[in-house]
Structures are given as structure tokens and as C-alpha cells.
Enquirer: 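Take a look at the following structure, please.
Along the sequence shown, residues are numbered consecutively beginning with 1.
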Amino acid sequence: MSKVVSFEHRDRFIQLGIAISTLRKIRGMSQDKLAEKAHVCRSVISTIEAPNSARNFTVEVLFSIADALDISPADLLNASVFPDNVIKNEKGLLTDSKLNEE
């Protein structure tokens with residue numbers, strides 16, 4: 001978990017960390033308890049949840065955290081805030097009105 005995240009993905013990692021932190025608190029868990037259930041060090045959880053830093057972590061760690069929080073990894077990823085382009089439907093994604101035009 002030592003690699004720094006590239007600038008283009010920085011906000012995504014920060015949003016994911018915030019989602020993990022929020023769900024952990026909703027579940028009434030401390031960082032220590034989440035780390036124990038996910039079989040990782042507390043410092044890993046602390047680093048992931050740190051709101052002003054973005055650090056790489058493996059998919060295996062994501063799966064372990066999701067299992068410990070009793071949520072699917074996909075739902076955990078989707079729990080983070082959507083970027084503006086998704087909200088505004090940019091990047092050529094089809095909307096209902098675009099589908100009706102075809």
C-alpha cells in the first residue's frame with residue numbers, strides 16, 4: 001500500500017475512503033474492530049479513511065473490508081459519491097431520451 005495514487009484517480013480513492021469510514025461508523029465499528037474483521041492492520045484502515053490522502057490498496061483488501069462491513073464490493077464502490085460527469089450523463093452514455101431517438 002505504498003504507491004501514491006495518480007492524480008486522475010485521487011478523488012475516487014478519497015471518496016471510497018469516505019464511504020468506508022461512513023459505513024464503518026453506521027455499523028458502530030471502530031477502526032480497530034474493522035481491521036480485525038477484515039484481517040488487516042488498523043493503520044491500513046486509517047490510511048484508506050484519511051480524507052486528505054489517497055493511497056493505493058489491493059482488490060483483496062477491498063474485498064476483505066467489504067466482507068467485514070457486510071456489503072458487496074460493488075455496492076461499496078457504488079456508495080462513493082458519483083462524479084459530475086455521471087450525474088450530468090456525459091461521456092456518451094445512453095439516456096432514455098437518447099434511446100427513444102434511435
Enquirer: Under 4.5 Å between any side-chain heavy atoms of Phe13 and Asn56, yes or no?
Expert: yes
Enquirer: Can you confirm whether Leu62 sits close enough to Phe57 that some side-chain heavy atom of one is under 4.5 Å from a side-chain heavy atom of the other?
Expert: yes
Enquirer: Could Arg42 and Glu36 be called an ion pair, given the rule that one side-chain N must be under 4.0 Å from one carboxylate O?
Expert: no
Enquirer: Check for a donor-acceptor pair, side chain of Asn78 on one end and backbone N or O of Ala74 on the other, with a separation under 3.5 Å.
Expert: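 Judged by distance alone, yes, a pair lies under 3.5 Å.
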Enquirer: Out of curiosity, Ser46 OG to Leu34 CG, how far, rounded to the nearest 0.5 Å?
Expert: 11.5 Å
Enquirer: If you define the side chain from C-beta out and look only at heavy atoms, does anything of Val61 sit under 4.5 Å from His39?
Expert: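 Result no, sub-4.5 Å side-chain heavy-atom pair not found.
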Enquirer: How close do Ile45 and Gln31 get, heavy atom to heavy atom, and via which atoms?
Expert: CG2-CG, 3.9 Å
Enquirer: How far does CZ of Arg24 sit from OG of Ser30, to the nearest 0.5 angstrom?
Expert: 7.0 Å
Enquirer: For Ile14 versus Pro51, what's the shortest heavy-atom pair and its separation?
Expert: CG2-O, 3.5 Å
Enquirer: Which distance, rounded to the nearest 0.5 Å, do you find between the CG of Leu16 and the CD of Glu49?
Expert: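 So the CG of Leu16 and the CD of Glu49 are separated by 10.0 Å.
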Enquirer: Closest approach of Arg27 and Asp70, non-hydrogen atoms and distance?
Expert: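 Where Arg27 meets Asp70 most closely, the heavy atoms are NH2-O, 3.5 Å.
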Enquirer: Is there a chain of hydrophobic side chains (I, L, V, M, F, W, Y, each step under 4.5 Å between heavy atoms) that links Ile18 to Ile48?
Expert: no
Enquirer: Would you name the heavy atoms of Ile71 and Leu76 that are closest together and state the gap between them?
Expert: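 Smallest heavy-atom distance, with atoms named: CD1-N, 3.8 Å.
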Enquirer: I'd like to know if the side chain of Ser21 and the backbone of Gly17 have a donor-acceptor N/O pair within less than 3.5 Å.
Expert: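 Judged by distance alone, no pair lies under 3.5 Å.
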Enquirer: How long is the span from the CG atom in Leu69 to the CE atom in Met29, to the nearest 0.5 Å?
Expert: 5.5 Å
Enquirer: Mind listing the closest non-hydrogen atom pair of Ser72 and Ala66 along with its distance?
Expert: C-CB, 4.1 Å
